[in-house]
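Report on the structure given below.
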2 protein chains.
Amino acid sequence: MVDEQKRIQSSERSLTILGALAVLGPATASEIADHLDLARNTMHYHLKTLAHQSYVVEIDGQYRLGMRLLNMGHRAVENLDVYRVGKAKVDELSRQTGELSILMIEENGYGYYVYDAHGDDAVRFDTVGRRKHLHDNALGKAVLAQLPPERVNEILDERGLPETTPHTITDRSTLKAEIDTIRERGVAFDREEQLEGLCCVAAAVENRGDAGADRRVGAISIAGPTSRMSDERLEALAPRVSDAANLIELEMQGY
Amino acid sequence: MVDEQKRIQSSERSLTILGALAVLGPATASEIADHLDLARNTMHYHLKTLAHQSYVVEIDGQYRLGMRLLNMGHRAVENLDVYRVGKAKVDELSRQTGELSILMIEENGYGYYVYDAHGDDAVRFDTVGRRKHLHDNALGKAVLAQLPPERVNEILDERGLPETTPHTITDRSTLKAEIDTIRERGVAFDREEQLEGLCCVAAAVENRGDAGADRRVGAISIAGPTSRMSDERLEALAPRVSDAANLIELEMQGY
DNA sequence: ATCAATGTTCATCACGATTGAACGAAGGGG
DNA sequence: CCCCTTCGTTCAATCGTGATGAACATTGAT
């Protein structure tokens, strides 16, 4: 994976600048130059290039991430089979349960929230666009359970198992065991492992479509506050989630 | 505005490739190379660079836009003052009216849908991430009404007034007149000008915050199907929208 | 008015992006 | 089964171009 130097350095630098802008928030050219240890004039040319393509905007001296990114991000999502067929199911689940329902896709060993729908009683929690580790939430664990074990090891090596709450699984073999039971049951649970006060049920969605289909694994979930999410309720929701997942898989094969 | 050649060509080429991928959808390296008339190996290096930064992903031979774009897009939105304070109002408007409520921001003479909320009866219509002309919808017209006339002319010159329905305003002076009355009333209407069957009311939101505030103009709206959106209903909704807009403006000054 | 900080332009040079050629792998057709 | 095409990938050589420092322009602060 560690391809040495056969990339285009100028392009990479431009993208690095874009990334820095995401971290820094709105910033002046000099601030970014300082942050990245680059000459002011170099920064100037890069920003001009990025601005010309609307990836950044300059507003009286401050540079900001441009809306082209939002536009492209949504095109990226619209190209996903899981999204195109899964969206309706997410809407449906949230409406039926009143809770928050979420769709995730795996990419490079991370999980990305791709779409969500808030039911009437749902926790107010914005997800879309977030990048998550796969080990600390139901969606991610459901994804891991569908990946070949070697790949799982790779991912855990590369991404680690950072702890976000006292309940996060940080031990590799514990996680492996959990993954095995998830694979058997077809659903994954999360009781405050990623966020205190939040519990989830999730099921993986695999794209078996042939040809040039997007083979990546996704997942769909229902999430709610611990107060409402007793063990019984979670169990009761589980079949709904896995049904939805199955339906999505079927529909993806259909086309 | 036509800055000649002082940009970084490699970076620009990489970004062009990203753009091409957005247009083509999932594609092989050769397809993109053909499309842009570039050598296969050149394409290779660019794609490798973009992939290394997760702006594209390669899935058995096919390249796709990467989820990093979605991630960055949402960071871009989260940096917007209008979004941070306007989001809640959009949620509120949609809940109260049962319709679709939308938030827009102007950038480079276009309007970008930044956030939306669907009320219980709302039309199913996904907006977030879309780029719109400013002349053919209520949000855009509300924005135009807040911009200095010279700027409006520039924008109309650069972006034109394409027709999307028979009701679209394609005549410059008609639009100017409309804009004047919008400025007086404080709200803009759209009766099937951008999409047949869809009507909207919108009001502009201006950021008067000092310091390094994002001075751009935004707008908030309510949209619904023509069937439900009689003239009377639109008129009745107008004050709600402009109230919301005012509240957002006030809150933005507050910080 | 002076000074510091930042944005912007210019000319120079060394490095690196592009290019064509060539190899390896995969897939299809005869 | 082998040939042939197509595509992805690597390599070496060159020409072009991005980085750099210096200098000028602009702004705001003291």
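Naming convention: chains lettered A, B, ... in sequence-line order (proteins, then strands); numbering from 1 in each chain.
Between Ser10(A) and dA17(C), a side-chain N or O to OP1/OP2 separation shorter than 4.0 Å is present. Contact check, His44(A) against dG7(C): no side-chain N or O comes under 4.0 Å of OP1 or OP2. Put simply, His46(B) has no side-chain N or O that comes within less than 4.0 Å of OP1 or OP2 on dA17(C). One finds a side-chain N or O of Lys48(A) lying less than 4.0 angstrom from the OP1 or OP2 phosphate oxygen of dT9(C).
Atom CG of Asn41(B) and atom P of dG24(C) are 17 Å apart (whole Å). Summarising the geometry, the separation between CZ on Arg7(A) and C1' on dT18(C) is reported as 18 Å, rounded to the nearest angstrom. One can place OH of Tyr45(A) at 12 Å from P of dT20(D), the figure rounded to the nearest angstrom. One can place CE of Met43(B) at 15 Å from P of dA17(C), the figure rounded to the nearest angstrom. One interatomic measurement links the two molecules: CZ of Arg40(A) to P of dT9(C), which rounds to 13 Å at whole-angstrom precision. Rounded to whole Å, the distance from CG on Asp37(B) to C1' on dT19(C) is 15 Å. Protein atom CG of Leu15(B) is 16 Å distant from nucleotide atom C1' of dA17(C), rounded to whole Å. When the P atom of dC7(D) is taken as reference, atom CG of Leu47(B) falls 15 Å away, rounded to whole Å.
Taking the side chain of Ile8(A) as heavy atoms from C-beta on, and the options dG8(D), dA17(C), dA19(D), the nearest nucleotide is dA17(C).
With the nearest nucleotide of DNA chain C identified for both Gly61(A) and Ser11(A), Gly61(A) has the one nearer the 5' end.
Using a 4.0 Å cut-off between charged side-chain N and carboxylate O, Arg172(A) and Asp157(A) make a salt bridge.
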Is there a salt bridge (charged side-chain N to carboxylate O under 4.0 Å, His left out) between Glu154(A) and Arg151(A) once you walk through the steps? CA-CA 5 Å; Glu154(A) 263 181 44; Arg151(A) 180 69 186 127; 2.8 Å; yes
Could you walk me through whether Val82(A) and Asn207(A) pass side-chain contact (heavy atoms from CB on, under 4.5 Å), step by step? CA-CA 8 Å; Val82(A) 215; Asn207(A) 192 347; 5.8 Å; no
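With rounding to the nearest 0.5 Å, the separation of CE in Met104(B) from CE in Met67(A) is 12.0 Å. Atom CG of Leu21(B) sits about 12.5 Å away from atom OG1 of Thr16(B), to the nearest 0.5 Å.
Residue contacts for Arg13(B): at a heavy-atom cut-off of 4.0 Å it reaches the sugar-phosphate backbone alone, with no base atom in range. Across all strands, Ser30(A) comes closer than 4.0 Å only to sugar-phosphate atoms, never to a base (heavy-atom distances).
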